[in-house]
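Beneath this line is the structure, given in structure tokens, with notes to follow.
In what follows, chains are A, B, ... by sequence order, proteins preceding strands, each numbered from 1.
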2 protein chains.
Amino acid sequence: MRLLVVEDEPQLRRELVALFERHGYLVDADETVFDAVEHGMSMAYDCIVLDYMLPDGDGIEALTQLREAGCPTPILMLTVKNDPKDRVFGLNKGADDYLGKPFHPDELLARVGALVRRTPSLSDEEVLTHGKATLRTKSRSLEYEGRTLELTSKEFALMEALMRHKHQLMTRDQLIAKVWGPDAEVADSALDTYIYFLRRKCANIGWKNAIVTVRGRGYALQPEGE
Amino acid sequence: MRLLVVEDEPQLRRELVALFERHGYLVDADETVFDAVEHGMSMAYDCIVLDYMLPDGDGIEALTQLREAGCPTPILMLTVKNDPKDRVFGLNKGADDYLGKPFHPDELLARVGALVRRTPSLSDEEVLTHGKATLRTKSRSLEYEGRTLELTSKEFALMEALMRHKHQLMTRDQLIAKVWGPDAEVADSALDTYIYFLRRKCANIGWKNAIVTVRGRGYALQPEGE
DNA sequence: CTTCGACAACCAACAGCCTCATGGCGTTCC
DNA sequence: GGAACGCCATGAGGCTGTTGGTTGTCGAAG
């Protein structure tokens, strides 16, 4: 999880970097608007923490430039300018959160965490598990007792829907909505096919009876991952 | 843009509903944890504003239930419990933002706006334009002087990258990173092919010379949409 | 000025995969 | 038995990305 901290005051910058690094982030630091825009555009960061006062301009300027250039990275403004008016201004200019100084370190961490959690990151691989089975969202791969295979995008979407609702029965309509979108127009049997594909692939790596049919209702994962 | 407001105090609830409706949101309101979870799971909302104190439990409970059930909707907690400790707790439980009472209406609007802006909504169709050309993100369609065609997912991703950086030159590496992801392993010539596809499709609907080549540098959209 | 080589870009063609519809078959329930 | 439901094989069609040949551009040498 990579973070860009933009803060010109050396003492605070060191503290911020140390704080985030203690919590497992990879942190880069900049001091100027120019560098911030340059590095922020690289798309390599999961979040940018941006101070308001910088030697070559203010943070809003960096914010504006990044957003106009299409930078999608979530940005948290961190500043002493902390009137509601300032907050509204920053948020409307494209900031995702706005925290006034002085701040509580835990709150900063929690807010950055919320932003990072919300943003589908390319660097963090979400992992869903169910018994012995593991589904990796980044590589779209499924592992069972050490054996691995890759899923196609529809297969993956279907398995993801089942895994995110383990212990629940999913109706055909619910599954179709999840995999093909809420207003999809596919034949009902397309779901049959992908259930079939998934079962075959799962069986190939030793996961027998991965998906159980509840006749007339829908499908669910095997209650025990075993 | 649809909002769910969960607040049991009638006076404040009315004010919140009125506030958001004045700013163009479609607002539903609930008073209980039970209803909030029920309605929140419908996936129909772009954001949920959740009060802490509710008659049948606290907001954290609703939050937890929604998140455990896989609800992806951004949630803003709105509460009188406003110690840093409370904020950290709420954020770590899955809230996306946390605003203490009393709050400034504009700030609430700005924060909800930031959440909604960040979340890819199914209800709002983003539209990018460049001169006479219009790219609709929802339908992945491209329109030029009234004539429309549909793009495949790669074609769309490429056109989107170009449109989001109009007036800029995009290098081959930048485009490949945008279309295939930052660490893609595709041959350079794949980009050639899709540039070719796009140009052909654009020409079909009358958009001549849509994409200009800058030899040795990269590609850009035709400076004037015309 | 012309020629040549290197290189970038363009484009056609193709193979492989993903997606999904069709339709036959088996199973379950009334 | 028959109807409804689910399972599975097959195949068409679209999307993707590679290969390889052609064209165009630039710079250096003749």
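For Thr129(B), there are no side chain to side chain donor-acceptor pair (under 3.5 Å) partners two or more places apart in sequence or in a different chain. A search for side chain to side chain donor-acceptor pair (under 3.5 Å) contacts involving Asp96(A) returns Arg67(A), Arg118(B), not counting sequence neighbours. When the side chain to side chain donor-acceptor pair (under 3.5 Å) test is applied to Thr213(B), the partners found at least two apart in sequence or on another chain are Arg199(B). Scanning for ring pair (Phe, Tyr, Trp, His ring centres under 6.0 Å) contacts around Phe20(B) gives Tyr25(B), with sequence neighbours left out. Applying the side chain to side chain donor-acceptor pair (under 3.5 Å) rule to Lys154(B) yields no partners; only residues at least two apart in sequence or on another chain are considered.
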Report summary line: In 5'-to-3' order, the base (B), backbone-only (S) or no-contact (-) status of each nucleotide in nucleotides 4-11 of chain C, using a 4.0 angstrom heavy-atom cut-off, is ---BBSBS
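Residue-level contact check: Ala190(B) touches the bases, meaning some heavy atom is under 4.0 Å from a base atom.
A 6.0 Å sphere centred on CZ of Phe197(B) holds more than 12 heavy atoms belonging to other residues, nucleotides or ligands.
Among residues at least two apart or in separate chains, salt bridge (charged side-chain N to carboxylate O under 4.0 Å, His left out) pairs with a member in residues 29-42 of chain B are Arg13(B)-Glu31(B). A salt bridge (charged side-chain N to carboxylate O under 4.0 Å, His left out) check over residues 163-172 of chain B, counting only residues at least two apart or in different chains, returns the pairs Glu126(B)-Arg164(B), Glu160(B)-Arg164(B), Arg172(B)-Asp188(B), Arg172(B)-Asp192(B).
The distance between atom CG of Leu198(B) and atom P of dG17(D), rounded to the nearest whole Å, is 14 Å. dG6(D) atom C1' lies 15 Å from atom CG of Asp173(A), rounded to whole Å. Remark: C1' of dA13(C) and CZ of Arg200(B) are 11 Å apart, rounded to the nearest angstrom. Atom CZ of Phe197(B) and atom C1' of dG17(D) are 9 Å apart (whole Å). Rounded to an integer number of Å, the gap from Leu191(A) CG to dC5(D) P is 14 Å.
Between Trp180(B) and the phosphate of dT16(D), there is no side-chain N or O to OP1/OP2 separation shorter than 4.0 Å.
A heavy atom closer than 4.0 Å to some atom of DNA chain C occurs in Thr152(A), Ser153(A), Lys154(A), these being the qualifying members of residues 148-159 of chain A.
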